[in-house]
Each structure stands twice: as C-alpha cells, then as structure tokens.
2 protein chains.
Amino acid sequence: MRGRPATYDNDAVVLKAQEIFWEKGYSATSLQDLQNATQMGSGSLYNTFRGGKKELFSKALQQRREAFQAFKKELKQSASPMDLIRDFFRSVAMADEHTHLKGCIVANTVTALAFIDNDLETEAVGILKDVEKMFTDTIREAQRTGTVSNPADAAVLGRYLMTCWNGLNVTRRMHPHKEKLKELIEMQLGILR
Amino acid sequence: MRGRPATYDNDAVVLKAQEIFWEKGYSATSLQDLQNATQMGSGSLYNTFRGGKKELFSKALQQRREAFQAFKKELKQSASPMDLIRDFFRSVAMADEHTHLKGCIVANTVTALAFIDNDLETEAVGILKDVEKMFTDTIREAQRTGTVSNPADAAVLGRYLMTCWNGLNVTRRMHPHKEKLKELIEMQLGILR
DNA sequence: ATATTTTTGTAATGATCGTTACATAATTAA
DNA sequence: TTAATTATGTAACGATCATTACAAAAATAT
C-alpha cells in the first residue's frame with residue numbers, strides 16, 4: 001500500500017540542505033533555513049528525516065563521502081593516479097571566491113563539532129581518514145613506479161597531503177587569489193618528488 | 001565620582017569566555033554558557049561589554065592577537081628566530097588530547113564565520129595574515145644568514161608555513177597522536193632547508 | 001547626610017529554536 | 001466504495017535565544 005506520493009526528491013533535498021550547512025555550519029543553520037532552502041514544510045521534513053536536523057546533516061556528510069568514493073573509482077581506472085591527485089590539488093587554485101570561502105564541509109565539521117556533537121564529528125573524521133588512506137595507497141604505488149621519488153614512508157606522505165588539503169581549506173579563505181594559491185600548491189606538491 | 005567598585009576582573013572574564021568560545025565556537029556558545037563560565041550575571045555582563053556576545057568574542061580574539069605579539073617580541077630578541085619557529089611547530093605534537101581537539105581559535109573562526117559574521121571573520125583573517133607576515137619576515141632573514149637554504153620566495157614559504165599551521169589545526173584532531181604528528185611536522189619543516 | 005555614579009542580581013522581554021500534533025490530501029489495496 | 005497508508009501544510013509546543021529593564025547595593029563627591 002503506497003499512500004500519497006512524495007512531492008520532493010530526497011537526494012535533491014539533501015543537496016539543498018548541504019548547501020546551507022556548508023556555508024553556515026551545523027550550529028548556525030536553523031530549521032527555518034533548511035525549510036526555506038528545500039521548500040519543504042516541517043511536516044514533510046520530519047516525516048522524511050525522522051532524526052531531524054542531525055539526520056539531515058549526516059546525510060549531507062554521506063553525500064560528500066559518496067562524491068569522494070566516485071573520485072576514488074576514477075583514480076582506480078586512471079593510468080596515472082598520482083597525477084590525478086596532483087591535478088585535484090591544482091584545481092583548488094582555480095575556484096571562484098565563493099567556493100574558497102566555503103572551504104571543505106568535512107574539514108569544517110571536524111573543526112566545529114568536536115565539543116558539540118561527537119557522532120557528527122566522528123563521521124567527518126572518518127571521511128578524512130579515508131581520503132588520507134587513498135593518498136597513502138596512491139603514493140605507495142607511485143613510489144613503486146617512480147612517479148613519486150621521495151622515499152619517505154607513504155603513510156607519512158599521505159598524512160602530509162591530507163594536511164595540505166586541511167591547510168588550504170583555511171588559507172584559501174585568507175587569500176582567495178589564484179596566483180598566490182597556485183604558487184602555494186606547487187610548493188606543497190614539490191615535496192613528493 | 002567612582003560608583004560601586006567592580007567585582008570582576010575584566011581580563012579574567014575575557015579569558016573565561018575565550019575558553020568556552022574556543023571549544024564551542026561563536027554560534028554554539030550561548031550567553032548562559034558565558035554567564036556560567038564567568039559567574040557574571042547578564043546585568044554586569046552587558047554593562048561591561050555593551051556589544052554583548054559579539055564584543056566578548058572580539059575581545060577573546062584580541063587576546064590571542066596579544067599572545068601572538070608577545071611571541072613576535074620573543075622572536076625579535078632571539079638569537080635564532082627560525083629555530084624558535086621550528087620549535088613552535090614541533091611543540092604542537094607534544095600537546096595533550098584536549099588541546100588537539102580545541103585547535104586554533106583563530107583558524108576555527110575563519111572556518112566558521114565566513115557566512116555568519118563578516119566583522120569577526122575579518123578580524124580573525126587579519127590575525128592569521130599577521131602571523132604569516134611574521135613567518136615571511138623571519139624566513140627572509142634566515143635565507144640571508146643561511147638558516148634556511150631553500151631559495152624560494154620568502155612570501156611563498158611564509159604562506160606555506162601558515163598553511164602548515166592551518167592544516168595541523170585539523171589533522172591534530174584526526175590524529176591526536178604524538179608520534180604521528182611529530183613525523184608529519186618534521187616533513188612539513190623539511191621543505192625549508 | 002544627601003546626591004551622584006557605577007555595578008550587580010533578578011526578572012522579564014520578544015524572538016527564535018528544534019520538534020511535534022494533527023487534520024487534510026492523495027495514493028493503493030480490498 | 002471503503003479502508004489503509006503515506007505525504008503535506010499549518011499551527012502549536014515548551015525551551016532556549018540574546019538582550020533589556022530596573023531596583024538594590026556600594027562606592028565617591030558635595
């Protein structure tokens with residue numbers, strides 16, 4: 001028995017909510033904000049996401065995890081995975097100002113929720129750790145093939161790349177400036193060879 | 001005419017407020033939180049800090065700026081300023097878990113307030129830019145004396161160090177682990193020579 | 001003493017918070 | 001056609017939000 005058909009596309013709703021969360025963060029985003037962005041009333045919203053604001057935020061984080069997994073799949077199919085990662089970093093410099101100011105929603109969450117919501121913070125840390133593992137695995141293989149000539153422990157280099165990303169997340173807000181970021185990223189990547 | 005003498009030490013109150021803001025951030029900190037931490041009633045609080053929550057947060061940020069200026073003064077008097085900066089980074093690894101989870105209140109503010117409060121975000125960016133300038137100036141001089149042998153533009157190296165700090169601010173929460181952070185920081189600093 | 005000034009504690013303000021209740025709408029199953 | 005089920009929109013809930021009002025307290029100045 002199916003009941004009244006849903007008006008809203010849940011994935012689209014999560015993406016709209018994600019947009020608001022990304023800019024304002026978990027604490028500063030109100031349910032009114034979310035209703036305005038999604039055009040959903042509180043009735044539908046709570047009927048669909050019974051965990052309320054927290055579930056919606058969790059779903060938004062999960063969407064980022066899936067986006068990351070798509071990238072990882074691309075990486076697996078790539079002929080030169082290490083170059084794909086380098087290009088990923090280089091592309092940061094090309095973003096527009098608004099994108100710079102938003103930063104990374106996952107890193108933002110780790111920064112903001114440590115003493116606010118342990119579940120959500122742990123979810124975010126888990127995603128970043130997966131990204132770090134991807135860096136590490138790719139670097140280890142690239143060391144084998146010679147694409148990375150730095151002989152340091154791949155785990156440390158992976159953690160280093162993760163930290164480059166985390167650092168860019170703040171520095172790009174200080175300097176939303178293509179050339180400055182480009183120079184910076186080239187210097188960060190220089191360590192690999 | 002002096003009126004009733006103040007019970008509370010304003011600097012101590014700002015430090016107490018800073019503690020709460022540092023952990024919970026601007027948005028998630030309530031005035032009740034601040035009253036509990038400072039033991040001040042709302043009467044005294046608003047009489048002393050007429051700008052309310054925002055002024056109190058601003059004062060907390062200013063306190064960090066002053067702490068930074070004290071470090072900069074130390075640097076000026078140091079025989080090997082570059083080594084002082086290296087030690088500063090190395091000391092991050094030695095912090096306890098709670099300190100790791102708190103991160104840097106200034107970087108936290110840049111991350112959280114871009115779309116919430118432009119004034120406070122701009123204040124925080126200003127502090128980080130001053131820190132970056134200190135890095136740059138110190139590196140430029142260290143290149144002259146040979147303490148830093150990397151010949152790259154000091155401004156780029158300074159921005160790189162700033163980004164290392166910003167990155168550690170997140171990575172130390174992912175891995176509040178002395179050895180991991182130590183290896184990471186040595187790798188970050190390795191670029192200077 | 002009395003007037004003046006500042007600080008303090010308490011109580012109240014209106015607004016907004018996240019969430020729930022509930023009647024109605026829109027569908028399928030019987 | 002009727003019962004069952006799900007989704008929607010609206011109104012309301014109590015709690016908490018940041019801030020203000022105000023009278024009492026504690027000092028100085030006249």
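Protein chains get the first letters and strands the later ones, always in sequence-line order, with residue 1 at the start of each.
For the pair A/Pro81/A/Glu141, no side-chain contact is recorded, criterion being any heavy-atom separation below 4.5 Å from C-beta on. In this structure, B/Val125 and A/Arg173 have side chains that are not in contact, with every pair of non-hydrogen atoms separated by 4.5 Å or more. Contact check for B/Gln188 versus B/Tyr160: side-chain heavy atoms found under the 4.5 Å cut-off.
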Worksheet, complete the sentence: Once base and sugar-phosphate atoms are separated, protein heavy atoms under 4.0 Å mark nucleotides 14-23 of chain D, 5' to 3', with B, S and - as ---SSBB---
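Rounded to whole angstrom, the span from the CZ atom of A/Phe49 across to the P atom of C/dT19 amounts to 14 Å. Regarding A/Leu45, its CG atom lies at a distance of 14 Å from the P atom of C/dC17, rounded to whole Å. Between B/Met40 atom CE and C/dT6 atom P the separation is 16 Å, expressed in whole Å. Distance CG (B/Asn47) to P (C/dT8): 7 Å, rounded to an integer number of Å. The CG-C1' distance, from B/Asn36 to C/dG9, rounds to 15 Å in whole Å.
In the set C/dT28, D/dA7, C/dT7, the nucleotide with an atom closest to the side chain of A/Arg2 is C/dT28.
Closest heavy-atom contact between A/Leu101 and B/Ala114: O-CB, 3.9 Å.
In the interface, the side chain of A/Arg4 is not paired with the base of D/dT6 through any donor and acceptor atom under 3.5 Å apart.
Between the side chain of B/Gln63 and the backbone N or O of B/Leu15, no donor-acceptor pair lies under 3.5 Å. Using modelled atom types, no side-chain atom of A/Lys54 and backbone atom of A/Leu120 make a donor-acceptor pair closer than 3.5 Å.
In terms of phosphate contacts, A/Tyr8 brings a side-chain nitrogen or oxygen within less than 4.0 Å of OP1 or OP2 of D/dG9.
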